[in-house]
2 protein chains.
Amino acid sequence: MHPTFEHHDHSHCCGDSLTRAEALMAERGARLTPVRRRVLELLLESHRALGAYDVLERLSAEGFGNQPPVAYRALDFLVEQGLAHRIQRLNAFTACMHAGEAHAPAFLICRACDTVAEAPVAPVRAALDTAAAELGFVVERASIEALGLCPNCQGAA
Amino acid sequence: MHPTFEHHDHSHCCGDSLTRAEALMAERGARLTPVRRRVLELLLESHRALGAYDVLERLSAEGFGNQPPVAYRALDFLVEQGLAHRIQRLNAFTACMHAGEAHAPAFLICRACDTVAEAPVAPVRAALDTAAAELGFVVERASIEALGLCPNCQGAA
DNA sequence: TCTTGACGTGTTATGATATTACATACTAGA
DNA sequence: TCTAGTATGTAATATCATAACACGTCAAGA
């Protein structure tokens, strides 16, 4: 079973990701400021996708600014840096579980518990590139988002 | 090259789709009312994705209601009936080019000219199902949207 | 024929998501 | 220390979407 769906030491997996993020940012000369860092933590703490206004609410409760751009800017930064992804279908954001590794993401969204996981996407992307190439279309970026049931919720349903 | 990207007899391709839509609706006992029909025409006339408010603007100019639900209801109906698709990435809608044939869609969106085409998706979907199954996840619906350059715009760029 | 219920449309109001523009403050490097 | 670039705070507004209710039409059945 995928780590995201398994019971796991959550604080540990968050800590790891955070450490990796800091290393990456240092390497690139990008700044993981307090707001940005806090937003990343919020995303990491839940394996679900959070809306910009969810994030904003928490930020503002913690003394950061309380206007939408505060949340959107931090989220946009994280997405640009590959530390988070935007889930189009949900108008929401998740922490990236494979920051640093170049990867185009495919997301598995559980419609019961809202957990979001990243699936290995290489074969999917290859199939898409092929299908597109046959029409003469060159794919630059793809969003692949699947809605369904995660292993934990299949039993429940 | 894919028909969508090729110079083609547009009024003819629209007429075909409209005829097919009417046949389908009759068969199902669903009603393709004037608003709904007009919205479908609008989507067919452009091979691009139209936002709900774009559609609304035209409707209202033609004497239909001028409030958002008028457009959203017609669009939702068309999507439910498989006559149109929603493009998550663009918050917009396109006419379906394969109404009646059961199909999960993959969309190719040209970032230069905004044309949207549907690509054959079976292999892509199979790869996605496989990747998901390895994590124990069951895919019910998937949105696959690719951003890139269509054949016509590759030369220009 | 009248009634009734389902459906479609119109309209008001509001909610949810996202951006522009500008002011202020911090930070790194010359 | 100065300065240029970057980051943050805030107000205002744009864009996308839905809830709730009123009215009209039409067909099925009493």
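First the proteins, then the strands, lettered A, B, ... as listed; each starts at 1.
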May I have the distance from L90(A) (atom CG) to dA17(D) (atom C1'), rounded to whole angstrom? 16 Å

I want to check something: taking the side chain as every heavy atom from C-beta on, are H85(A) and E118(A) in contact at a cut-off of under 4.5 Å? yes

Sidechain N-carboxylate O distance under 4.0 Å for R86(A), E145(A): no

Where each residue is assigned the nucleotide of DNA chain D containing its nearest heavy atom, which of G51(B) and R31(B) is assigned the position nearer the 5′ end? G51(B)

Check this for me: E62(A), atom CD, are more than 12 non-hydrogen atoms of other residues, nucleotides or ligands nearer than 6.0 Å? yes

Once you round it to whole Å, what is the distance between C1' of dT17(C) and CZ of R89(A)? 17 Å

Just the rounded figure in Å: distance from P of dT6(D) to CD of Q81(A). 13 Å

Does the base of dA17(D) carry an N or O that pairs as donor and acceptor with the side chain of Y53(B) under 3.5 Å? yes

Considering only nitrogen or oxygen atoms on both sides, find all protein atoms under 3.5 Å from nucleotides 8-14 of chain D and state each distance.
| from | atom 1 | to | atom 2 | distance (Å) |
| --- | --- | --- | --- | --- |
| dT8(D) | OP1 | T33(A) | OG1 | 2.6 |
| dG9(D) | N7 | R73(A) | NH2 | 2.5 |
| dG9(D) | O6 | R73(A) | NH1 | 3.1 |

Can you check the E80(B) CD to dC7(C) P distance for me, whole Å? 12 Å

I need the L59(B) CG to Q67(B) CD distance, nearest 0.5 Å. 12.0 Å

Just verifying a value: how many Å separate F93(A) CZ and L42(A) CG, rounded to the nearest 0.5 Å? 13.5 Å

Would you call D129(B) and R125(B) a salt bridge, taking side-chain N to carboxylate O under 4.0 Å as the test? yes

Do any side-chain nitrogens or oxygens of N91(B) fall under 4.0 Å of OP1 or OP2 in dA17(D)? yes

